[in-house]
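Since the structure comes first, as structure tokens, the remarks are kept for the end.
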Amino acid sequence: MVISSIDLKNGKVVQLKNGKDLVLEREDADALITDFNFYGEVAIIDLDAALGNINEKGETANTALLKSLLRKGNVRTGGGVRSVKRAKELISLGAEKVIIGSSAWASAEEQKSGAILNTAFLDELAAAIGKERIIISVDAIKGVIAVKGWTETAGISLLDGAKAAEKYASELLFTCVEKEGCMQGTDMEQVKALREAVKCRIVVAGGVSTVEEITQIEKIGCDVQLGMALYTGKVALKDSFISCLNWQKVAEESKGLMPVIAQAASGEVLMTGFANKEAFEKTIDTKKLTFYSRSRNVLWTKGETSGNYLEVKKLRVDCDRDAVLATVVPHGPTCHTGAWSCFQTNSDRPYSMEFLYEIISERFANPRPGSYTATLTPERVREKIMEEAEELTDEAETREDVIWEFADLFYFLSVLMYQEKITWQDILDELDKRHKK
């Protein structure tokens with residue numbers, strides 16, 4: 001599958017040829033990550049950090065922008081990650097994985113004694129964040145590991161470096177530097193040799209410029225990280241996503257139809273169905289989940305008659321590329337019976353903090369006669385929070401009393417959150433940040 005790349009330099013999104021020459025520059029990072037994350041993971045690289053353009057606070061011109069992007073998708077990030085502290089910080093800010101480049105490799109002096117890796121650093125890093133969150137760059141110039149923003153080579157062969165690095169990483173990121181940004185294809189012989197040399201996940205970057213090449217790399221057993229080809233329009237993510245699905249397997253096992261699972265953002269599974277290539281194309285074009293009807297032999301968009309459509313926020317494939325998970329926002333009940341999901345028998349939407357928040361939002365947006373919520377001012381809400389907290393801590397005696405008071409407190413907290421434009425996800429993100437520090 002394709003991992004879309006957002007390279008940052010001087011606070012802007014850029015694309016460079018051979019890691020040096022500026023080819024294009026953009027300022028729409030938020031729009032890009034929204035688009036890219038629909039199809040899969042996103043790699044965000046701080047090029048200034050990689051080149052050592054860091055101030056006395058340890059920040060670059062991209063720091064603020066990078067922080068704002070890390071929780072807006074399934075993000076991996078890299079560029080100048082030279083300490084365990086920095087790696088932990090990036091994970092706490094929302095990065096799912098960190099990409100380690102130059103810091104992973106032994107110094108020239110250490111190599112004299114046969115060392116390939118900076119094992120002291122990698123041991124500490126793996127203990128701090130876990131091997132599953134580590135990606136090591138095996139970027140190479142003419143088959144030799146490149147370091148320091150690709151300005152030098154480390155004197156370590158690509159395959160020797162990859163075999164050693166696999167011990168410390170869940171993935172290896174291979175960039176054929178001489179092909180980077182040239183859009184003339186990558187070095188397929190090196191890709192094949194690398195795939196045969198290691199067992200972990202491999203992501204290929206540098207020069208890939210056609211859907212056919214992406215599909216070829218997929219069949220070898222590697223993923224692709226794409227930059228220049230996306231920004232210039234030479235490759236469309238829609239075409240890449242569809243072509244990388246395992247159509248051969250589903251042709252043999254499911255008559256050419258791919259299983260699709262619709263899941264609400266809260267995690268609840270709503271329904272399952274099947275799709276062919278045309279169904280996926282329509283889903284991507286309309287952002288409404290579309291299936292292929294096995295009984296009627298036609299495409300059908302969920303909600304096309306009832307109006308209860310499923311708005312698609314992102315698509316993800318499983319490890320075998322033979323099933324797709326669609327994260328959706330349901331507009332009304334999902335099941336044809338009127339049930340909220342196809343896995344329950346009543347129409348009630350399961351109650352959650354997100355559902356409460358939506359109800360409160362609706363009350364303020366469209367006040368109903370007699371609505372208590374719509375009358376609450378920020379000052380009154382704060383007063384009620386103090387009152388309910390006191391009743392919870394000083395007066396609640398039985399378990400039922402505690403539940404009652406907690407419910408009151410959560411309600412008023414949710415109202416204040418809405419008024420302050422804070423969501424439950426914002427709160428969970430902050431707790432996650434603290435947990436991972």
Side-chain angles (χ1 to χ4, degrees), residues 18-20 43 45-56 58-60 76-91 95 97-180 187 189-191 193-206 222 225:
N18 302 130
K20 297 179 293 184
I45 310 299
D46 187 336
L47 295 178
D48 287 309
L51 294 170
N53 300 325
I54 302 171
N55 64 22
E56 64 280 0
E59 299 177 342
T60 73
R76 69 232 349 252
T77 189
V81 182
R82 300 179 176 89
S83 69
V84 172
K85 179 181 178 182
R86 177 57 175 163
K88 288 184 67 176
E89 179 187 19
L90 291 169
I91 293 295
K97 299 186 178 184
V98 291
I99 304 167
I100 308 298
S102 303
S103 300
W105 306 103
S107 66
E109 189 63 31
E110 291 169 331
Q111 288 180 45
K112 291 178 182 178
S113 61
I116 293 178
L117 299 173
N118 181 355
T119 55
F121 170 65
L122 292 175
D123 281 330
E124 184 183 358
L125 181 65
I129 67 172
K131 174 182 176 179
E132 70 277 3
R133 292 195 177 100
I134 300 173
I135 302 169
I136 294 180
S137 292
V138 289
D139 304 337
I141 299 174
K142 297 181 179 179
V144 180
I145 296 294
V147 295
K148 298 184 179 179
W150 302 342
T151 60
E152 299 178 13
T153 54
I156 301 166
S157 76
L158 169 63
L159 297 187
D160 287 344
K163 290 175 183 178
E166 183 178 20
K167 176 183 175 182
Y168 291 95
S170 62
E171 302 180 29
L172 300 179
L173 172 61
F174 166 59
T175 302
C176 184
V177 177
E178 57 265 35
K179 300 285 188 176
E180 172 66 17
D187 188 327
E189 292 307 311
Q190 285 196 84
V191 173
L194 188 58
R195 178 68 283 170
E196 292 175 0
V198 298
K199 296 179 180 178
C200 67
R201 184 184 186 188
I202 296 172
V203 179
V204 177
C222 303
Q225 186 166 305

Original post:
With sequence neighbours left out, what residues match Q225 under side-chain hydrogen bond (donor to acceptor under 3.5 Å, both in side chains)?
Top reply: none

Original post:
side-chain hydrogen bond (donor to acceptor under 3.5 Å, both in side chains) with T77: which residues, sequence neighbours excluded?
Top reply: none

Subject >> Intermediate values then yes/no, side chain to side chain contact (heavy atoms under 4.5 Å, CB included), W105 and I100 >> reply: CA-CA 9 Å; W105 306 103; I100 308 298; over 6 Å; no

Between [X] and [Y], what is the shortest heavy-atom contact and its length?
| X | Y | value |
| --- | --- | --- |
| G101 | S137 | CA-CB, 4.1 Å |
| F174 | A140 | CE1-CB, 4.0 Å |
| V204 | C222 | CG2-CB, 3.9 Å |
| Q190 | C176 | NE2-SG, 4.0 Å |

**OP:** Using atom types as modelled and distance alone, determine if a side-chain donor or acceptor of D139 lies under 3.5 Å from a backbone N or O of A146.
**Re:** no

**OP:** Kindly write out the residues that satisfy salt bridge (charged side-chain N to carboxylate O under 4.0 Å, His left out) with E171, not counting sequence neighbours, or none if the list is empty.
**Re:** R76, K97, R201

Residues two or more places apart in sequence or in another chain: which of them pass side-chain contact (heavy atoms from CB on, under 4.5 Å) with [X]?
| X | result |
| --- | --- |
| V144 | T153 |
| A87 | V81, V98, L125, I129 |
| A106 | E110, Q111, A115 |
| E56 | none |

Original post:
Could you state the interatomic distance from CZ (R133) to NZ (K88), rounded to the nearest 0.5 Å?
Top reply: 11.0 Å

Original post:
Rounded to the nearest 0.5 Å, how far does CD1 of I99 lie from CD1 of I134?
Top reply: 12.5 Å

**OP:** Let me see the working for I145 and L158 under side chain to side chain contact (heavy atoms under 4.5 Å, CB included), right down to the final yes or no.
**Re:** CA-CA 6 Å; I145 296 294; L158 169 63; 4.3 Å; yes

Donor-acceptor contacts, no H, no angles, side chain residues 48-55, under 3.5 Å, sequence neighbours left out:
unit_1: D48; atom_1: OD1; unit_2: N53; atom_2: ND2; d: 3.3
unit_1: D48; atom_1: OD2; unit_2: N10; atom_2: N; d: 2.7
unit_1: D48; atom_1: OD2; unit_2: N62; atom_2: ND2; d: 2.9
unit_1: N55; atom_1: OD1; unit_2: K57; atom_2: N; d: 2.9
unit_1: N55; atom_1: OD1; unit_2: G58; atom_2: N; d: 3.1
unit_1: N55; atom_1: OD1; unit_2: E59; atom_2: N; d: 2.9

Counting only pairs under 3.5 Å, give me each side-chain donor-acceptor contact of residues 159-169, with atom names and distances, residues two or more places apart or in other chains.
unit_1: D160; atom_1: OD2; unit_2: S157; atom_2: OG; d: 3.1
unit_1: E166; atom_1: OE2; unit_2: K199; atom_2: N; d: 2.6
unit_1: E166; atom_1: OE2; unit_2: C200; atom_2: N; d: 2.9
unit_1: Y168; atom_1: OH; unit_2: D123; atom_2: OD1; d: 3.1

